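Remember, predicted model here, so these are calculated numbers, not experimental data. Chain identifiers are assigned alphabetically (A, B, ...) following the order of the sequence lines, protein sequences preceding nucleic acid strands; residue numbering begins at 1 within each chain.
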Number of protein chains: 2
Amino acid sequence: MKIDPNSPADLSAQIANAIRDAIIAGALIVDERLPSEAELSEQFQVSRSTVREALKRLAAQSLIRTQRGATGGAFVNRLSFEDAYSQQVTTSTLLLSMNAVSFDTACEARYALERACAPLSASRRSADQLATMRAEIFRQSQPGLTDEAFCASDVAFHRALVDGAHNPVLSYQLAGAVEAMQPLMNMITFTARDRAVILALHGRIADSIDSGDGDRAVAELTALEDETRKLAADVFARRATRAAQS
Amino acid sequence: MKIDPNSPADLSAQIANAIRDAIIAGALIVDERLPSEAELSEQFQVSRSTVREALKRLAAQSLIRTQRGATGGAFVNRLSFEDAYSQQVTTSTLLLSMNAVSFDTACEARYALERACAPLSASRRSADQLATMRAEIFRQSQPGLTDEAFCASDVAFHRALVDGAHNPVLSYQLAGAVEAMQPLMNMITFTARDRAVILALHGRIADSIDSGDGDRAVAELTALEDETRKLAADVFARRATRAAQS
DNA sequence: CTTTTTTCATTTGTCAGACATTTAAAAGTC
DNA sequence: GACTTTTAAATGTCTGACAAATGAAAAAAG
């Protein structure tokens, strides 16, 4: 681990990268304790503040955790799917909102990924996951549900579908795509008729998963994608009309 | 943005979260300049070091960038797909290595996601992306190629396939899955016969994409997945045998 | 001897103040 | 007007200090 004091990059960034690379390379293993801040500052020949800034950078990426006290210090963190999941959601959300990703693009990606899960979910889903899907469908059928609650239930439904594949890697990858779309989905106002159509599609998707028919689930998901895009197109068309009039 | 000095969490973490939430909520927009460190330390009633640690946390997530000098400061960063992409790769790599994700699980996720891209890629890929696929296939046919170089070319081939879908969200999501698997793939040693089989499958995939036949591309990808898993199974079986003998 | 309490050393968290470095704008010079 | 110099503002780094947490060792109690 070498540091160049004349590099344009901040010392704290260099140190953080050096430690991160050591973790990736396996030189530092999970739960291993890093040297104390005082020792690190001596090793790298920098002040303790600089070391601390480097450690905070790593902590922000869940690569280390710190503990105070006599036997405390910084420890290499086992990156859990949960940690990665929440980071993935914020990153994806910001990506969509900051880069003006169109609704169609996000929607296409989301359903393409979901269709990838459907066959696996159809053959593996637990009874519990199927029950969750049914429960969310029931919730969506309740009158008086706000649009936001409807969207939230929609996310829960699709998460159960994805988790049914019992592949944590897939669940992790999809989490961002599905949850990050929620702000976009929330722009849509659902009429009673819209909800009925979606509800019917959700029901048919659950039935397909229930009967283990992956191909049919894929087809129903495609139908749901078409429906979603049609709804969004209507919303944007109405907005454009209003904007032109005013 | 309120900070609780009695919270168990570090002040710097609280401040970082407050600023992050403001960015997500849109209260701070892209390229907007945050108050100077001195001003922030007064606003939050903490020392400048604490503010700095908070800012380093945000910088580690590419949420802000800092600039020195008279008109310098911390600016809200436009999170680019490239930034997110590299973070995604490191996170995915660590997830796989630290959580003992099986080769089969990772492989299944990867090919499921790739199959999701295939139909889109078949109908949209640019001539350039198809040329890249062909070029990588040619490179893979060269004798004397190391296993690592073969794997790297494999990644490039699949990236071209994915990018052919022309959906940045899909490319971003898949980047992690494909690149993070490279260390696992590198454990496999390819015999000349293995390479010939893979090469033939790559050729057929490229042909499918070329002719716009998404369904066939999906089928060929499935065949490639089967082949990859068979190779991996052989490797692990040989290892188990050697381990039992020694 | 065992259990409980106290003390203590270690380590992170926070603060205050200082200086170095970078940078662009303002002021000065020709 | 064009160029150079100065200046002010901001981040980057260093030093030293104290607070707070925490486990371990030492001391006290039974």
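Checked for salt-bridge contact, A/R124 and B/E108 meet the test: a charged N lies under 4.0 Å from a carboxylate O. Between A/E53 and A/R57 there is no salt bridge, since none of the side-chain N atoms of the basic residue sits less than 4.0 Å from a carboxylate O of the acidic one.
C/dA16 atom C1' lies 14 Å from atom CD of B/Q45, rounded to whole Å. Between A/F75 atom CZ and D/dT22 atom C1' the separation is 12 Å, expressed in whole Å. When the P atom of C/dG13 is taken as reference, atom CG of B/L11 falls 11 Å away, rounded to whole Å. Computed from coordinates, the A/Q67 CD to C/dT10 P distance equals 18 Å when rounded to whole Å.
Residues of residues 50-57 of chain B that place a heavy atom closer than 4.0 Å to DNA chain D, in numerical order, are B/R52, B/K56. Proximity of residues 33-40 of chain A to DNA chain C (heavy atom under 4.0 angstrom from any strand atom) is restricted to A/R33, A/S36, A/E37.
Considering only side-chain atoms of B/S12, the nucleotide from C/dT12, C/dT14, D/dT22 that sits closest is C/dT14. Candidate nucleotides C/dC15, D/dT13, D/dC14 were compared by shortest atom distance to the side chain of A/D10, and D/dT13 ranks first.
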Hey, mind stepping through B/R68 and A/D10 against salt bridge (charged side-chain N to carboxylate O under 4.0 Å, His left out) and telling me if it holds?
CA-CA 11 Å; B/R68 306 221 310 202; A/D10 295 355; 5.8 Å; no
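For D/dG12, the base has a donor-acceptor partner in the side chain of B/R48 [N/O atoms by modelled type, under 3.5 angstrom].
Residues B/Y85 and B/Q173 bring no donor and acceptor atom of their side chains to less than 3.5 Å of each other. Side-chain contact, A/Q129 with A/D163: no donor N or O sits under 3.5 Å from an acceptor N or O.
Counting non-hydrogen atoms under 4.0 angstrom, B/S49 reaches a base of the nucleic acid.
If you find the closest nucleotide of DNA chain D to A/R68 and to A/S47, the one lying nearer the 5' end belongs to A/S47. Comparing A/V46 and A/T71, the nucleotide of DNA chain D nearest to each residue sits closer to the 5' end for A/V46.
Note: A/L11 CG to A/S49 OG = 11.0 Å, rounded to the nearest 0.5 Å.
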Identify every side-chain donor-acceptor pair in residues 89-98 of chain B under 3.5 Å, counting partners at least two apart or on other chains, and give the distances.
{"unit_1": "B/T90", "atom_1": "OG1", "unit_2": "B/S86", "atom_2": "O", "d": "3.1"}
{"unit_1": "B/T90", "atom_1": "OG1", "unit_2": "B/Q87", "atom_2": "O", "d": "2.9"}
{"unit_1": "B/T91", "atom_1": "OG1", "unit_2": "B/Q87", "atom_2": "O", "d": "2.8"}
{"unit_1": "B/S92", "atom_1": "OG", "unit_2": "B/Q88", "atom_2": "O", "d": "2.8"}
{"unit_1": "B/T93", "atom_1": "OG1", "unit_2": "B/V89", "atom_2": "O", "d": "2.6"}
{"unit_1": "B/S97", "atom_1": "OG", "unit_2": "B/T93", "atom_2": "O", "d": "3.4"}
{"unit_1": "B/S97", "atom_1": "OG", "unit_2": "B/L94", "atom_2": "O", "d": "3.3"}

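Put simply, the side chain of B/H158 does not reach to within 4.5 Å of the side chain of B/M133, judged on heavy atoms.
Using bins of under 30°, 30° to 60° and over 60° for the plane-to-plane angle, the ring pair A/F81/A/Y172 lands in the perpendicular bin.
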